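Here the structure is laid out as structure tokens; the discussion comes afterwards.
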Amino acid sequence: MTEPIDIDDKLESEYNARAARPDYDRVLGDWNRRSEAFRSASGGFLDAAYGPGDRHRLDLFIASEGAPTLVYLHGGYWQRGDKSIYSFVAAPFVAEGVNVVVMNYTLCPETTVPGITEEIRQGLIWLYRNGGEYGLAADQVHLTGHSAGGHLTAMMLATTWEELGADLPPDLVKSGIPISGLYDLAPLRRTSINRGAGIDANAVRHCSPRDLRPSPGARALAVVGGAETQAFHDQAADLAARWSAAGARVEQYVEPGVDHFDVVNRLADPDSELFRKAMASLNPQ
């Protein structure tokens with residue numbers, strides 16, 4: 001039986017970003033239209049299987065053989081969303097010569113947050129071992145994700161890859177751009193979000209990135225929208241402070257004037273500062 005949730009009204013208002021956007025359906029429709037148009041024009045490799053599950057699939061958009069690869073993980077509080085919605089994020093990066101992979105994963109409550117975390121690890125391992133068949137360089141994989149995808153991005157930067165395979169390097173993921181992520185999962189247990197996500201004490205303990213040690217040499221750009229609630233700003237600041245103290249190279253960045261959803265549009269805008277910073281993180285000096 002599902003454990004009853006004692007909802008904290010303050011936490012609910014801070015974290016339920018979708019409730020703050022009455023035009024969310026319009027936003028989603030726009031993303032779908034842009035993504036469908038890009039897929040139609042791009043000629044990417046769609047629905048490559050990285051595992052046995054129905055949602056163990058990824059789309060690959062190849063710009064240039066051997067170029068940096070950016071893997072995108074979608075949001076939806078681990079219980080909504082699909083890679084097909086977010087193909088549009090790839091468009092400006094591909095135009096700049098960056099390969100982009102958009103990954104799906106099983107959603108809660110069919111699985112758990114720890115289960116999703118493990119699926120993403122397996123997807124990245126599959127890319128490391130098989131990406132060459134599509135022209136991807138194994139030593140050029142970077143990661144970004146939004147909201148729940150930001151959480152998963154941070155979890156990958158705290159993964160000890162060598163323990164998962166003798167052939168895997170410690171820096172399998174070269175850098176990460178977690179956007180509007182959740183790095184301390186405990187507050188979500190007091191929100192309606194947890195009715196579907198099912199975050200329990202085990203998930204808080206093992207899947208809160210702020211409490212984990214980042215991989216040696218980890219590089220991260222922790223992004224939040226300027227118009228997001230204080231909770232998202234605090235989550236990013238907390239991660240940056242803790243990981244910097246642990247030796248990671250973490251830059252905080254606030255994209256001005258955008259909320260939890262419009263920050264994704266800025267990532268896909270080649271004229272935005274966020275896009276420029278993302279490109280710079282793929283090609284560090």
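These numbers come from a predicted model, not from an experiment.
- Side-chain atoms of R219 do not come within 3.5 Å of backbone N or O of G176 as any donor-acceptor pair.
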Applying side chain to side chain contact (heavy atoms under 4.5 Å, CB included) to I116 and L152, what does each step give before you reach the verdict?
CA-CA 8 Å; I116 293 171; L152 294 167; 3.8 Å; yes
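- Closest approach of L182 to Y77, counting heavy atoms only: CD2-CE2, 3.8 Å.
- Atom CG of residue L46 and atom OG of residue S84 lie 10.0 Å apart, to the nearest 0.5 angstrom.
- Side-chain atoms of Q79 come within 3.5 Å of backbone N or O of I193 as a donor-acceptor pair.
- Here the side chain of E228 pairs no donor or acceptor atom with the backbone of V258 at under 3.5 angstrom.
- Salt-bridge annotation for D262 and R266: absent, with no side-chain N of the basic residue lying under 4.0 Å from a carboxylate O of the acidic one.
- Remark: R55 pairs with D82 by the salt bridge (charged side-chain N to carboxylate O under 4.0 Å, His left out) rule, at least two apart or across chains.
- In this structure, L70 and T144 have side chains that are in contact, with non-hydrogen atoms separated by less than 4.5 Å.
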Worked check of salt bridge (charged side-chain N to carboxylate O under 4.0 Å, His left out) between K174 and D139
CA-CA 8 Å; K174 300 304 177 184; D139 62 347; over 6 Å; no
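- Distance CG/L11 to OG1/T191: 7.5 Å, rounded to 0.5 Å.
- At least one donor-acceptor pair closer than 3.5 Å links the side chain of Y183 to the backbone N or O of G181.
- Exactly one residue among T153, I177, T69 makes a side-chain contact (heavy atoms from CB on, under 4.5 Å) with L143. That residue is T153.
- No path of Ile, Leu, Val, Met, Phe, Trp and Tyr side chains, each step under 4.5 Å between heavy atoms, connects L73 with V98, placing them in separate hydrophobic clusters.
- You'll find the side chain of L267 reaches within 4.5 Å of the side chain of F93, heavy atoms only.
- Side-chain contact between E163 and L168: absent, with no pair of heavy atoms (C-beta onward) separated by less than 4.5 Å.
- Residue E251 comes nearest to K277 through the heavy atom pair OE2-NZ, 2.7 Å, listed as atom of the first residue, atom of the second, then distance.
- Put simply, the side chain of V263 reaches to within 4.5 Å of the side chain of L274, judged on heavy atoms.
- Under the 4.5 Å side-chain contact rule for hydrophobic residues, I125 and L60 share a cluster.
- No donor-acceptor pair under 3.5 Å is formed between the side chain of R18 and the backbone N or O of Y24.
- Ring to ring, F88 and F38 are not that close: their centroids are 6.0 angstrom or more apart.
- Rounded to the nearest 0.5 angstrom, L124 CG and M156 CE are separated by 6.5 Å.
- Here S64 contributes atom OG and E96 contributes atom CD; the two are 12.5 Å apart, rounded to the nearest 0.5 Å.
- For V204, the side chain to side chain contact (heavy atoms under 4.5 Å, CB included) partners at least two apart in sequence or on another chain are L185, A186, R189, I199, S208.
- The closest side-chain heavy-atom distance from P169 to Y128 is below 4.5 Å.
- Ring pair W31/Y86 is tilted by interplanar angle, where 30° to 60° counts as tilted.
- There is no side-chain donor-acceptor pair under 3.5 Å between W161 and D171.
- Side-chain contact check for S281 and H142: no donor-acceptor pair (N or O, by modelled atom type) lies under 3.5 Å.
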So D59 and R39, salt bridge (charged side-chain N to carboxylate O under 4.0 Å, His left out) or not? Walk me through it.
CA-CA 10 Å; D59 297 339; R39 286 195 304 275; 5.6 Å; no
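- The environment of CD in E162 is crowded: more than 12 heavy-atom neighbours from other residues, nucleotides or ligands sit within 6.0 Å.
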When you look at Q235 and D184, which way does the side chain to side chain contact (heavy atoms under 4.5 Å, CB included) test go after all the steps?
CA-CA 7 Å; Q235 289 264 0; D184 174 14; 3.9 Å; yes
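- Between H260 and F232, the distance from one ring center to the other falls under 6.0 angstrom.
- Judged by distance alone, the side chain of R121 and the main-chain N or O of T159 form no donor-acceptor pair under 3.5 Å.
- A donor-acceptor pair under 3.5 Å is formed between the side chain of W243 and the backbone N or O of P209.
- Here C207 contributes atom SG and H151 contributes atom NE2; the two are 5.5 Å apart, rounded to the nearest 0.5 Å.
- When every heavy atom of C108 is checked against every heavy atom of A197, the shortest pair comes out as SG-O, 3.7 Å.
- Salt bridge absent: R26 and D30 never bring a charged side-chain N and a carboxylate O closer than 4.0 Å.
- Between H146 and V223, the closest side-chain pair of non-hydrogen atoms is not below 4.5 Å.
- Hydrophobic cluster membership is shared by M103 and V113, with clusters built from Ile, Leu, Val, Met, Phe, Trp and Tyr side chains linked at under 4.5 angstrom.
- Looking at Y105, its side chain never comes within 3.5 Å of a backbone N or O of R57 through a donor-acceptor pair.
- A distance-only check finds a donor-acceptor pair linking the side chain of T229 to the backbone of E14 [under 3.5 Å].
- Between D211 and R205, none of the side-chain N atoms (NZ, or NE/NH1/NH2) sits under 4.0 Å from a carboxylate O, so this pair counts as no salt bridge.
- Side-chain heavy atoms closer than 4.5 Å link hydrophobic residues (I, L, V, M, F, W, Y) into clusters, and following such links, possibly through other members, connects L107 to M155.
- Heavy atoms from other residues, nucleotides or ligands lying under 6.0 Å from CD of E36 number 12 at most.
- Put simply, the side chain of S215 does not reach to within 4.5 Å of the side chain of T160, judged on heavy atoms.
- A salt bridge links D23 with R21: at least one charged nitrogen is closer than 4.0 Å to a carboxylate oxygen.
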Please evaluate residues L28 and I85 with respect to the criterion side chain to side chain contact (heavy atoms under 4.5 Å, CB included), reporting the C-alpha separation (whole Å), side-chain torsions for both, the decisive distance (0.1 Å), and the verdict.
CA-CA 8 Å; L28 194 63; I85 301 170; 3.8 Å; yes
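- Side-chain contact check for H56 and E119: at least one donor-acceptor pair (N or O, by modelled atom type) lies under 3.5 Å.
- The main-chain N or O of N265 is never found under 3.5 Å from a side-chain atom of D269 such that the two would form a donor-acceptor pair.
- Transitive grouping of hydrophobic side chains (ILVMFWY, heavy atoms separated by less than 4.5 Å) brings L188 and L239 into a common cluster.
- When all heavy atoms are compared, the tightest approach of L164 to R129 is O-NH2, 4.4 Å.
- Looking only at side-chain heavy atoms (C-beta outward), S13 and N16 stay at 4.5 Å or farther from each other.
- Once rounded to the nearest 0.5 Å, the distance linking CZ of R249 with CG of L221 reads 13.0 Å.
- Using a 3.5 Å distance cut-off with no hydrogens or angles, the side chains of E255 and Y253 do pair a donor with an acceptor.
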Does N104 form a side chain to side chain contact (heavy atoms under 4.5 Å, CB included) with L58? I'd like the steps, not just the answer.
CA-CA 6 Å; N104 257 5; L58 43 80; over 6 Å; no
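- Nearest heavy atoms, L157 versus S175: CD2-C, 4.2 Å.
- What you find for G76 and A148 is that their closest heavy atoms are N-CB, 4.3 Å.
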